[in-house]
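Every value quoted in this text rests on a predicted model; they were computed, and no experiment measured them.
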Amino acid sequence: MSSNLPISHGDITAPTPQNTPLNQAPIAQGLSRPTVPDISEDNEPEDETEDASALPPGAQSAMLGLVHGRLADLVGKSSGYIEGLPAEVKSNIEALKGVQVKQNELQNQYKRECLELEKKYLELHKPLYERRSAIISGSSAATAEEFQAGIRASIKDDPDYTPLSKDAPTGPAAIPEFWLTALRNHVGLSEIITERDAGALKHVTDIRLSYISSDDPKPGFKITFYFDPNEYFENEVLEKTYLYQEEVGYSGDFVYDRAIGTEIKWKEDKDLTKEFEIKKQRNKNTNRTRLVRKAKPTDSFFNFFSPPTPPVDEDEIEEEELEELEEKLELDYQIGEDLKEKIIPRAIDYFTGKALEYDMLEEDDDFDGLDDDDDEDDFDDDDSDSDNEPPARRRGPPKGRGGGSGGAVNPEECKNQ
């Protein structure tokens, strides 16, 4: 839509925003800004066609909120414009849909080729990941070249950085709790890693990324956690596979389909995804009592390997339950993407805390990007004694990044590790 005002076509009025199908016009995403508070097509007062940008900021917000609210009720309903067009025009509209089909096919091909390029560069990274793993585990000593390159990188990041002495001891030396520290220094994961989980995550020796074979109909990727033998579970490898739908979505990107996790073979009384409680039961007939041990689900990072299942038929699910499920799916997918795009390629930055600074900057940028005038409308004056008020808490992780217990680590503290 290039305009929001009605355009005459003979005796027919061109479509206003309510002609737009529900799943094909993200009006709220800024693709088209309605300029009239009343979108009825009959007898529109002239003063209601005024451009919203000419109004004061506060009035703009109120006006757009009113329009968007009314549009939400009308989106997907036809105004009769297209139905009333001449047959030859309707034929051209169908032809444009056919052109769009070919555009979609090209976009799908483009995204597939991008995925193949990702696979190519992952293969180039593999020797470096293996080298990283060897240094972390202490199975191999760092070379002088690697050491000096790291010193140069530290000085570039911080001119006041004090390099290690040239006489510093060298040789194979495992880095304790490397991956646990890196995971905890991620803004979202720190919220879902409990103290109970930490005992098991100390045994992570590596986290790797791989891609689904090109021969499979659905593209996707796999996150693999490698563990030392431990007292929690029998598995030495835990995997999480993310599958995309075969065709790209309306936005032109791959659409999340579902995830598949490894079944964890917990050792007796070591299941971190459950809490056990002892209850006393009394027999009604004999009056004898007994102790019964019951398990209930609890928050744990290891729920990551038991992903939520997308609904088959959304109409059969209550709205509140559906919203909760969608939030869980969003969180699950976001964790996978962050492991793939951030933690695995930049593990050392998460271990030291350097990456945490950038993550928080991105988060603050999102928050600061809100319109100042709109922000003021959301707050009322508070006459309470500010001296007695607790300090303001920092905004939590972005939506889709998790909840639970734990907390992000201060990047300055990480630097001093």
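- The closest side-chain heavy-atom distance from Ile207 to Leu183 is below 4.5 Å.
- Checking side-chain atoms of Ser306 against main-chain N and O of Asn303 turns up no donor-acceptor pair under 3.5 Å.
- Checked against the 6.0 Å centroid threshold, Phe221 and Tyr211 do not count as a close aromatic pair.
- The aromatic ring centroids of Phe225 and Trp179 lie 6.0 Å or more from each other.
- Taking the six-membered ring for Trp and the full ring otherwise, Phe233 and Phe302 have centroids separated by under 6.0 Å.
- For Glu83, the CD atom is densely surrounded, since the number of other residues' heavy atoms within 6.0 Å is greater than 12.
- Donor-acceptor pairing under 3.5 Å is lacking for the side chains of Arg196 and Thr298.
- Between Phe301 and Phe304, the ring planes lie parallel to each other; the angle is under 30°, not in the 30° to 60° tilted range.
- With values rounded to the nearest 0.5 angstrom, Thr273 atom OG1 is found 10.5 Å from Asp299 atom CG.
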Side-chain donor-acceptor contacts of residues 120-130 below 3.5 Å, not counting sequence neighbours, with atom names and distances?
residue: Glu123; atom: OE2; partner: Lys126; partner atom: NZ; Å: 3.0
residue: His125; atom: ND1; partner: Tyr121; partner atom: O; Å: 2.7

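- Relative ring orientation between Tyr244 and Tyr333 is described as perpendicular, the plane-to-plane angle rising above 60° on a 0-90° scale split at 30° and 60°.
- Val255 places none of its side-chain heavy atoms less than 4.5 Å from the side chain of Tyr250.
- Counted by atom type alone, Thr205 and Asp228 present zero donor-acceptor pairs between their side chains at under 3.5 Å.
- In this structure, CG in Asp269 is found 6.0 Å from CZ in Phe276, a value given to the nearest 0.5 Å.
- Using modelled atom types, one side-chain atom of Tyr242 and one backbone atom of Asp332 make a donor-acceptor pair closer than 3.5 Å.
- Applying the side chain to side chain donor-acceptor pair (under 3.5 Å) test to residues at least two apart or on different chains, the pairs with a partner in residues 90-103 are Glu94-Lys97, Gln100-Asn104.
- Checking each of Gln245, Arg112, Lys111 against Pro219 for a side-chain contact (heavy atoms from CB on, under 4.5 Å) leaves exactly one that passes, namely Arg112.
- At least one donor-acceptor pair under 3.5 Å links the side chain of Glu146 to the backbone N or O of Thr143.
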